[in-house]
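On a predicted model such as this, the values are computed, not experimentally measured, just so you know. Note: hydrogens, waters and symmetry copies are ignored here, and every other heavy atom, side chains too, is used.
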Amino acid sequence: MPRDERPAVWVGHVSLPTRSVSDTREFMIGLGMRPIAQGDDFAVLELRGGTHLVLLRSEDFTPGPAPFDLMVEDLDAVHQRFRAQGLAPSEIEVGRIHRSFRITSPCGHTIVFNSSHVSDLPV
């Protein structure tokens, strides 16, 4: 049996304040996240690998860069899908490590999408 060489820790939860939990929840589902739980003032969505994005209702935040970025397997296909969905992604930029683009959520969070560079170690 192959030895599991994945790191021993991972991100469990990431939170994001929003003025509208329901609008942001639907937006995130459209990006590819899976709904887990919701209430009047919160929602929990699952990302690949089991990380949870916790949306918290807040009137007291300044829209701007999200406190996280996201990775996808096929950046070009995701960029094209988001354009077809009318999400107006930025142009794809080429960086030192990643290719990336940005989109803006309904509450004004800017979210960066990066090309993947996941280790080729067995999973």
Self-check item: Minimum side-chain heavy-atom gap Leu53-Phe68 below 4.5 Å
Solution: yes

Does Val11 share a hydrophobic cluster with Ile36, counting links as ILVMFWY side-chain heavy atoms below 4.5 Å and allowing steps through other members? no

Would you say Glu73 and Arg48 make side-chain contact, with heavy atoms under 4.5 Å?
-> yes

*Between Arg25 and Thr18, is any pair of side-chain heavy atoms under 4.5 Å apart?*
no

Quick one, Arg99 and Glu93 - any side-chain contact, counting heavy atoms below 4.5 Å? no

Note: Asn114 and Leu75 closest approach over all heavy atoms is C-CD1, 3.8 Å

So CG of Asp23 and CE of Met28: to nearest 0.5 Å the spacing works out to 11.5 Å

Compare all side-chain heavy atoms of Leu31 with those of Leu87 and state whether any distance is below 4.5 angstrom. yes

Transitive ILVMFWY side-chain link Phe27 to Val14, under 4.5 Å: yes

Notebook entry, point to check: In this structure, are over 12 heavy atoms from other groups packed under 6.0 Å from Asp40 atom CG?
Noted result: no

Rounding to 0.5 Å, atoms CG (Leu16) and OG (Ser105) come to a distance of 6.5 Å

* Give a yes or no on whether Val78 and Ile111 share a hydrophobic cluster (residues Ile, Leu, Val, Met, Phe, Trp, Tyr; joining criterion: side-chain heavy atoms under 4.5 Å apart). => yes

So CZ of Arg102 and NE2 of His109: to nearest 0.5 Å the spacing works out to 15.5 Å

Open item on the list: Does Gln80 have more than 12 heavy atoms from other residues, nucleotides or ligands lying within 6.0 Å of its CD?
Closed with: no

Quiz item: Quick one: are Val72 and Leu70 in side-chain contact, heavy atoms under 4.5 Å?
Solution: no

Shortest non-hydrogen pair, Gly108 vs Pro63, comes out as O-CB, 3.5 Å

If you define the side chain from C-beta out and look only at heavy atoms, does anything of Val112 sit under 4.5 Å from His98? no

Parallel, tilted or perpendicular: rings of Phe101 and His79 (30°, 60°) | perpendicular

Q.
Over 60° means perpendicular and under 30° means parallel, so tell me whether Phe113 and Phe82 are parallel, tilted or perpendicular.
A. perpendicular

In short, Ile92 meets Asp76 closest at the heavy-atom pair CD1-OD1, 3.4 Å

message: Assess the residue pair Arg19 and Glu59 against the criterion (side chain to side chain contact (heavy atoms under 4.5 Å, CB included)); give the C-alpha distance rounded to whole Å, side-chain angles, the decisive distance to 0.1 Å, and a yes or no.
response: CA-CA 5 Å; Arg19 286 187 183 92; Glu59 296 295 330; 3.9 Å; yes

Here the pair of heavy atoms bringing Met33 nearest to Leu47 is SD-CD1, 4.0 Å

In terms of heavy-atom contacts, Ser58 and Pro17 come closest through CB-CB, 4.0 Å

Beyond-backbone contact of Leu45 with Ile29, side-chain heavy atoms, under 4.5 angstrom: yes

